[in-house]
Structures are given as structure tokens and as C-alpha cells.
Chemist: 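Right, I'll just put the structure down here and ask away after.
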Amino acid sequence: MPTCNESNISPARFLLAGIPGLEADGPWISIPFCSMYLIAIFGNSLILFVIKTQRNLHQPMYLFLSLLSVTDLGLSFSTLPTILSVFLFNTREIGIDVCLTQLFFIHTFSILESSVLVAMAFDRFVAIRHPLRYASILTSTRIGNIGLVIIIRVSGVHIPGVILLKRLPYSKIQPLSYSYCLHPDVMKMACADTTPSSFYGLFVVISTLGVDSVLIVLSYIMILQTVLSITSRQERLKALNTCVSHICVTLLFYTPLISLSMIHRFKKKALPESQIFLSYLQLLFPPVLNPIVYSMKTKEIRKRIMKIFQNYSTNKLQWGH
């Protein structure tokens, strides 16, 4: 806990960090970051455009996918301003109110992605277990209600956490560990007892990410039971193939998250660089790779995207002539 006295407490400001040892190479490091943000924004926007314009894609699976793309866009825009300001312009200072706002959106969209992955796992279970009743069970109204419950749940659990952090005293300048604000990082900068905030943060993690991961595992246990009961080997493979994209994006989301948690919990002497790398991986890779995975593994979306680019190339040639 930092030592503070009355002369240097509030208004708090934090110093965002780059990559240790590579501070002078910020403009060069910003190039891959900019590339990833462009891919994430373009890829997820393209997925949303394809689903919106194709009426045959207005089905539960694709509606959940569009919600995942919105979540990925929100996560990208939550980290983009400070990451680029640090690496591209070397602007590191951030006020506590702006920091807490960013913190709220980063954690909200992260948990929102986890919740959407649970909904998508349930969608795959219903599609495989009750294929004839699939459309009648997952109607547009029910999907809208599921989305609303997810948003209320996610935003509701993070508001008290931000309020607890806001009430803590901080010294005027405190260095953070990343180029964006995270709950544990800001909390350890406080000059007072952070036990309530720490326990609430643990409660949020267990009640959201912990519960969500268990629900996803249970969903796939039931999916496997259903698939194994199918007599035809070809039909079993076909059913499992519909889950490949979801399994990939779930692993992309949870693997860095679990690895980072294990390092924090058991590897007290782990290199700071490994924690920073996993943190960037956790926040940046899902928005970048999720649309790529679904574009490659989902035939309908792949065909529509190829048609868009073919039409663009044809129009360009016509204009050229």
C-alpha cells in the first residue's frame, strides 16, 4: 500500500505504463497495435453488416454472433484511446475519473463477452438437442430478453466496484502497470484499507467469470451426451462441427484469462513482461480473431463476405473502364 499524507492526497492522477524496456520504441510498437485495432473494428463491423443485410441470417445463432461482435467493438474502443496515446504520443497521465470510467467499460465488456459465450453455448445445446423446436424456443423476443438480462447483470455488478474505488484516497501521482486502467491495478494504488474493494472484486469474478465458465462446461457436457446418442457417425460429426467456432472463441477468451490468474495466484516471482503480455492478449486478441474464426468456419457468412468483395472488385473494374 502506498504511503500517503494529507499534503499529497487527491485529486489523484495516474501514470499509464508502456512495455518495460521499450519505452523509446513506442511509435514502432504502436504500428501492430493500430493494425490489430483496424482488423478488429473492420472485422466485427463487417460481421454486423452481413448479418443485418442478410435476412436468412436473422436466426438465433447469428443474432448471438452479432451481440458478440458488438461486445468486441466495445472492448476495442475501451482500450484504444489510452493504448494509442501511450505508444503513439507518449501521453501517460490520466485523471482518476477518466481512469475509473475506462476501468468500468473494460471490465463490463469483458464480462459481457463471457456472458454472450454462455448464451451461445446454450444456443448450440438447443440446436443439437431440439433441432425441430430450435426456432420456436429461441425466438427473437427471447433472445432480446436474454441480451437485456446480460447487460443489466454485467453493468450492475461493476457499478458498486467503481464506487468503492472512487471513495478510496490516492496520492497525486501513482504509476500503473499497464497502458489502461484495471480494477486490481488501481486498487493497489490506494492509501487506505482496500479489503472491501478486494472482496467485492473477488465476488464479481466468481459470480460472473467463474459461474459462466462452469455453465459453458456443463453445456458442452450435455451437448456431448446428446451427440453420442446419435447413431449416425456423419450426423455426429455434423453436429459437433457446428460448435467448432464457439469452442475456438471460448478458448481465445478464457485461456489468457486463466493463465493470467494462475500467474497472479501462484507465480509471485513471474516476470512482469509475461503478465503484461497476457493482459494485452486477453483484451486484444478476442476482438481481432473472433470475426476471423467465424468468417472461416461459418459457410453462410464466408460466402456473403466473398460476394461483397467480388462485387466491390467488379464495381472497381467498371469504374476503371
Chemist: Quick check: does any side chain N or O of S198 sit under 3.5 Å from a backbone N or O of T195, one acting as donor and the other as acceptor?
Modeler: no

Chemist: Does one side chain, of T79 or Y280, offer a donor that lies under 3.5 Å from an acceptor on the other?
Modeler: no

Chemist: Around R167, counting heavy atoms of other residues, nucleotides and ligands shown, do more than 12 lie under 6.0 Å from its CZ?
Modeler: no

Chemist: With distance as the sole test, does T298 use its side chain to make a donor-acceptor pair with the main-chain N or O of S295 at under 3.5 Å?
Modeler: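 Judged by distance alone, no pair lies under 3.5 Å.
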
Chemist: Once rounded to the nearest 0.5 Å, what's the spacing between atom CZ of F253 and atom CD of Q282?
Modeler: 6.5 Å

Chemist: To check you understand the geometry: which heavy-atom pair defines the closest contact between L165 and S197, and what is its length?
Modeler: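 Where L165 meets S197 most closely, the heavy atoms are CD2-OG, 3.6 Å.
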
Chemist: Show the nearest heavy-atom pair for residues P286 and L281, with the distance to one decimal.
Modeler: CD-O, 3.5 Å

Chemist: Does the plane of the ring in F203 sit parallel, tilted or perpendicular to the ring in Y200? Use 30° and 60° as the thresholds.
Modeler: tilted

Chemist: Can you name the closest pair of heavy atoms from D97 and T101 and give their distance?
Modeler: O-OG1, 2.8 Å

Chemist: Rounded to the nearest 0.5 Å, how far apart are CE of M120 and OG of S245?
Modeler: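 These two atoms lie 8.0 Å from each other.
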
Chemist: Between H246 (side chain) and L117 (backbone), is there a donor-acceptor pair under 3.5 Å?
Modeler: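 Yes, H246 side chain to L117 backbone: donor-acceptor pair under 3.5 Å.
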
Chemist: Using side chain to side chain contact (heavy atoms under 4.5 Å, CB included), reason through N290 and E113 one step at a time and then give a plain yes or no.
Modeler: CA-CA 11 Å; N290 286 352; E113 178 138 352; 3.0 Å; yes

Chemist: Is the closest side-chain heavy-atom distance between C34 and L84 below 4.5 Å?
Modeler: yes

Chemist: Is any side-chain heavy atom of V244 closer than 4.5 Å to a side-chain heavy atom of L240?
Modeler: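 A side-chain contact is absent here, since even the closest heavy-atom pair is not under 4.5 Å.
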
Chemist: To the nearest 0.5 Å, what is the distance between CG on N241 and NZ on K297?
Modeler: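 So the gap between those two atoms works out to 5.0 Å.
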
Chemist: Sub-3.5 Å donor-acceptor pair from the side chain of T255 to the main-chain atoms of L252, do we have one?
Modeler: no

Chemist: Is there a side chain to side chain contact (heavy atoms under 4.5 Å, CB included) between R129 and I223? Walk through the geometry before answering.
Modeler: CA-CA 7 Å; R129 186 70 174 268; I223 286 172; over 6 Å; no

Chemist: If you count every heavy atom of other residues, nucleotides or ligands that lies below 6.0 Å from Y134 atom OH, does the total exceed 12?
Modeler: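 Result for OH/Y134: enclosed.
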
Chemist: If you take all heavy atoms of F87 and S30, which pair is closest and at what distance?
Modeler: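 That closest heavy-atom pairing would be CB-CB, 3.9 Å.
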
Chemist: Do I216 and Y254 touch side chain to side chain, with heavy atoms closer than 4.5 Å?
Modeler: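 They are in contact (side-chain heavy atoms under 4.5 Å apart), so the answer is yes.
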
Chemist: Does L73 reach the side chain of S45, with side-chain heavy atoms less than 4.5 Å apart?
Modeler: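 Yes, side chains in contact.
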
Chemist: Does Y180 form a side-chain hydrogen bond (donor to acceptor under 3.5 Å, both in side chains) with S279? I'd like the steps, not just the answer.
Modeler: CA-CA 10 Å; Y180 41 81; S279 180; 2.5 Å; yes

Chemist: Give the minimum heavy-atom separation between S179 and I83, together with the two atoms involved.
Modeler: OG-CG1, 3.5 Å

Chemist: Can any side-chain N or O of R236 pair as donor or acceptor with the backbone N or O of I230 at less than 3.5 Å?
Modeler: yes

Chemist: Suppose the criterion is ring pair (Phe, Tyr, Trp, His ring centres under 6.0 Å): which pairs have a residue in residues 50-86, not counting sequence neighbours?
Modeler: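 Applying ring pair (Phe, Tyr, Trp, His ring centres under 6.0 Å) to every pair that reaches into residues 50-86, excluding sequence neighbours, yields nothing.
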
Chemist: Any idea how F125 and F122 line up, ring-wise: parallel (<30°), tilted (30 to 60°), or perpendicular (>60°)?
Modeler: tilted

Chemist: Any sub-3.5 Å donor-acceptor pair from R302's side-chain atoms to M296's backbone N or O?
Modeler: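 Yes, because the side chain of R302 sits within donor-acceptor range (under 3.5 Å) of the backbone of M296.
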
Chemist: Does any part of the side chain of S115, heavy atoms only, come nearer than 4.5 Å to the side chain of T208, both counted from C-beta?
Modeler: no

Chemist: Near M306 CE, under 6.0 Å, is it more than 12 heavy atoms from other residues, nucleotides or ligands?
Modeler: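 Open.
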
Chemist: Check whether S229 reaches the backbone of T226 with its side chain - one donor and one acceptor, N or O, closer than 3.5 Å.
Modeler: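 Indeed, once roles are kept as given, a pair shorter than 3.5 Å links the two residues.
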
Chemist: Taking the side chain as every heavy atom from C-beta outward, state whether L65 and I301 have any pair of such atoms under 4.5 Å apart.
Modeler: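 Sidechains of I301 and L65: in contact.
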
Chemist: Would you name the heavy atoms of L176 and C181 that are closest together and state the gap between them?
Modeler: CD1-SG, 3.9 Å

Chemist: A side-chain contact here means heavy atoms from C-beta on lying under 4.5 Å apart; do L63 and L138 qualify?
Modeler: no

